[in-house]
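Reviewing the structure listed below.
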Amino acid sequence: QVQLAESGGGLVQAGGSLRLSCAASGLTTSAYAMGWFRQAPGKEREFVAAISPSGASTYYANSVKGRFTISRDNAKNTVYLQMNILKPEDTAVYYCAARVPDYRGTYYYREPEYNYWGQGTQITVSS
């Protein structure tokens with residue numbers, strides 16, 4: 001059974017940093033493209049960042065580019081999201097997602113392209 005467990009959320013002041021972790025079980029992450037999405041109150045879930053199975057390729061939403069970094073440690077079956085220079089508009093529940101292997105070796109940024117989702121972790125950025 002595939003499970004994704006996010007951790008590292010919390011309350012931080014604007015300008016601060018947080019690192020989210022997504023620990024995967026029931027799968028070998030080195031074969032899965034992974035992504036982070038977020039959902040703010042009253043808004044639809046949106047793409048944040050994605051990484052290819054090998055980690056060689058990454059892709060970011062314009063709103064976080066230059067501030068957030070996605071990375072992975074396949075030996076630990078874990079994906080990370082380093083978030084710097086946080087802004088109040090980054091406040092949301094952050095979700096980790098995994099896509100079943102298709103051997104294309106690329107990243108994905110659309111929700112329907114992902115098969116597994118974590119329960120989410122809350123990030124609140126105060127001004």
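Along the sequence shown, residues carry numbers from 1.
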Evaluate the side-chain proximity of [Y] to [X]: yes if any heavy-atom separation is below 4.5 Å, no if none is.
X     : Y      : result
Glu46 : Glu111 : no
Leu20 : Thr121 : yes
Cys22 : Met34  : yes
Val48 : Leu81  : yes
Tyr80 : Ser71  : yes
Met83 : Ser17  : no
Arg67 : Asp90  : yes
Leu18 : Ile123 : yes

Taking atom types as modelled, is there a side-chain donor on Asp102 or Tyr108 under 3.5 Å from an acceptor on the other? yes

Would you say the side chains of Tyr94 and Arg38 form a donor-acceptor pair under 3.5 Å? yes

Do [X] and [Y] land in one hydrophobic cluster if side-chain heavy atoms of ILVMFWY residues count as linked below 4.5 Å?
X      : Y      : value
Leu27  : Ile51  : yes
Tyr114 : Tyr32  : no
Tyr60  : Phe37  : no
Phe68  : Val93  : no
Trp36  : Val100 : yes

Interatomic distance, [X] atom [atom1] to [Y] atom [atom2] [nearest 0.5 angstrom]:
X     : Y     : atom1 : atom2 : value
Thr58 : Lys65 : OG1   : NZ    : 9.5 Å
Ser21 : Gln82 : OG    : CD    : 9.5 Å
Glu6  : Cys96 : CD    : SG    : 5.5 Å

Can you give me the closest heavy-atom contact between [X] and [Y], atom names plus distance?
X      : Y      : answer
Leu4   : Ala24  : CD2-CB, 3.6 Å
Thr91  : Ala40  : O-CB, 3.6 Å
Tyr107 : Ser52  : CB-N, 4.0 Å
Ala14  : Ser127 : CB-CA, 4.3 Å
Pro53  : Gly105 : CD-C, 3.9 Å

NZ or CZ of Arg45 within 45° of Tyr95 ring axis and under 6.0 Å: yes

Within the side chain of Thr106, is there an N or O that forms a donor-acceptor pair under 3.5 Å with the backbone of Arg104? no

Side chain Arg99, main chain Asn115, donor-acceptor under 3.5 Å: no

Side chain to side chain contact (heavy atoms under 4.5 Å, CB included) between Val12 and Thr124, intermediate numbers included: CA-CA 6 Å; Val12 64; Thr124 302; over 6 Å; no

Would Phe47 and Tyr59 count as a close aromatic pair, with their ring centres under 6.0 Å? yes

Heavy atoms from other residues, nucleotides or ligands near CD of Gln119 exceed 12 (cutoff 6.0 Å): no

